[in-house]
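In what follows, a structure is listed as structure tokens, so that the remarks can point back to it.
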Amino acid sequence: MKSKFRLAGTIIGIIACIAGIASYLSIDARRSVSEKNGSDTYNVQAEIEKSFEQESSKIVMVKYDYMGKGGLIQEVHDMTHQKVYAKQKWGSSEITADKVQKLYEVVIDNQFETKEMLLEILEPWTRGDFSNAVRAHNKIWSYQNGTIGKATRLLTPEEELAYIEKHFR
């Protein structure tokens, strides 16, 4: 009889030990996934920032000096496509710090009825703040009498990086 209880106790002990190990491995696996996702998010943000800091071609920069109101508006509109979700988008222009700064300076130096709208959009961008991109896109889209392709939200960092890689790399 004692050996039956001893055997049962041993079996229960083994089961408890296995359950403990399984629980630990499950928690450790979740921690690893969480750490990996955090690292992936960091890497995605780093890639987007690297894209923003890259130098633009001098040809593009000089082109801004000669753009009229319509060209400047379209350029900013095309830039918003990198940041927003819309069912359809036509045109794209990579957002870089030097392009944003140059556009901002060109708009400041010109006089046209959309100057305030463009400055309101570009000023936060000069600081790397694109939280206004949906509103900016839709303001320009509306100004251009858009009927298809209204922006509904900002892209996730992963979506934005995929857009950059598809259109600019």
Side-chain angles (χ1 to χ4, degrees), residues 30-169:
R30 280 188 300 235
R31 188 180 313 120
S32 293
V33 167
S34 175
E35 289 169 357
K36 181 181 184 308
N37 286 343
S39 176
D40 285 350
T41 300
Y42 174 78
N43 290 337
V44 168
Q45 280 301 129
E47 286 298 315
I48 292 169
E49 288 172 21
K50 189 170 141 184
S51 170
F52 181 66
E53 294 302 326
Q54 77 179 0
E55 192 174 325
S56 297
S57 101
K58 299 213 184 313
I59 295 170
V60 169
M61 302 299 281
V62 170
K63 177 178 80 170
Y64 292 156
D65 287 320
Y66 299 98
M67 277 186 174
K69 171 189 76 171
L72 293 169
I73 290 170
Q74 189 61 49
E75 182 70 4
V76 174
H77 184 177
D78 289 348
M79 286 179 160
T80 65
H81 290 166
Q82 178 180 320
K83 297 286 182 183
V84 303
Y85 175 82
K87 286 187 180 182
Q88 293 187 343
K89 301 177 189 178
W90 295 279
S92 60
S93 180
E94 187 170 18
I95 299 173
T96 64
D98 56 354
K99 285 169 66 175
V100 168
Q101 187 61 44
K102 180 67 175 180
L103 283 168
Y104 185 75
E105 292 166 5
V106 167
V107 171
I108 282 179
D109 291 341
N110 281 284
Q111 296 300 321
F112 41 80
E113 76 275 0
T114 56
K115 178 177 183 168
E116 290 305 314
M117 175 181 73
L118 290 173
L119 290 177
E120 181 181 305
I121 292 167
L122 291 168
E123 194 276 325
W125 292 13
T126 63
R127 300 185 315 274
D129 176 4
F130 298 95
S131 59
N132 69 349
V134 172
R135 189 170 20 96
H137 175 276
N138 291 339
K139 192 172 232 180
I140 293 171
W141 177 81
S142 180
Y143 175 81
Q144 294 175 324
N145 298 313
T147 57
I148 299 171
K150 185 175 185 177
T152 56
R153 64 175 174 81
L154 289 172
L155 293 177
T156 66
E158 293 78 11
E159 290 171 323
E160 181 178 354
L161 184 57
Y163 185 90
I164 290 168
E165 290 174 354
K166 178 180 179 182
H167 294 278
F168 311 121
R169 303 291 173 260

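This chain uses plain numbering: 1 for the first residue, then up along the sequence. All of these numbers come straight from a predicted model, not from anything done at the bench.
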>> Is any side-chain heavy atom of Glu47 closer than 4.5 Å to one of Glu165?
In response: no
> Which heavy-atom pair separates Thr96 from Ser51 by the least distance, and what is that distance?
Replying inline: CG2-O, 3.7 Å
>> Strictly distance-based, threshold 3.5 Å: is any side-chain N or O of Lys89 a donor or acceptor partner for the main-chain N or O of His81?
In response: yes
>> If I take atom OG1 from residue Thr80 and atom CZ from residue Arg135, how far apart are they, to the nearest 0.5 angstrom?
In response: 12.5 Å
> Any donor and acceptor pair, going by atom type alone, linking the side chain of Lys150 with main-chain N or O of Asn138 inside 3.5 Å?
Replying inline: no
>> Could you tell me if the side chain of Lys69 sits less than 4.5 Å from the side chain of Glu113, heavy atoms only?
In response: yes
> Taking atom CD of Gln101 and atom OG of Ser56, what is their separation to the nearest 0.5 Å?
Replying inline: 12.0 Å
> Can you name the nearest heavy-atom pair linking Pro157 to Ile48, along with the distance?
Replying inline: O-CD1, 3.4 Å
> Which heavy atom in Val107 sits nearest to a heavy atom in Lys115, and how many Å separate them?
Replying inline: O-CE, 3.4 Å
> Looking at CG of Leu119 and CG of Leu103, how far apart are the two atoms once the value is rounded to the nearest 0.5 Å?
Replying inline: 11.0 Å
> From Ile148 CD1 over to Trp141 CH2, what is the distance, rounded to the nearest 0.5 angstrom?
Replying inline: 9.0 Å
> Do Thr152 and Val134 touch side chain to side chain, with heavy atoms closer than 4.5 Å?
Replying inline: no
> What's the shortest heavy-atom distance between Trp125 and Ile121, and which atoms?
Replying inline: CD1-O, 3.2 Å
> From Leu154 CG over to Tyr85 OH, what is the distance, rounded to the nearest 0.5 angstrom?
Replying inline: 14.0 Å
> If you round to the nearest 0.5 Å, how far is NE2 of His77 from OH of Tyr143?
Replying inline: 13.5 Å
> Under a 4.5 Å cut-off applied to non-hydrogen side-chain atoms, are Ile95 and Phe130 in contact?
Replying inline: yes
> Got a donor-acceptor contact below 3.5 angstrom from the Thr126 side chain to the Glu123 backbone?
Replying inline: yes
>> Just so I know, are the side chains of Met61 and Glu55 near enough to count as touching, which here means a heavy-atom distance under 4.5 Å?
In response: no
>> Among residues at least two apart in sequence or on other chains, which ones pass salt bridge (Lys or Arg N to Asp or Glu O under 4.0 Å) with Glu159?
In response: Arg153
> What pair of heavy atoms forms the shortest contact from Ala86 to Gly149, and how long is it?
Replying inline: CB-O, 3.3 Å
>> Tell me whether Lys99 is salt-bridged to Glu94, with the criterion being a basic N under 4.0 Å from an acidic carboxylate O.
In response: no
> Is any side-chain heavy atom of Gln144 less than 4.5 Å from a side-chain heavy atom of Gln74?
Replying inline: yes
>> Could you report the tightest heavy-atom contact between Ser93 and Glu75, atom names first, then the distance?
In response: OG-OE2, 2.5 Å
> Given the rule in the side chain to side chain contact (heavy atoms under 4.5 Å, CB included) test, do Lys102 and Asp65 qualify, once you have shown the distances and angles that lead to the verdict?
Replying inline: CA-CA 9 Å; Lys102 180 67 175 180; Asp65 287 320; 2.9 Å; yes
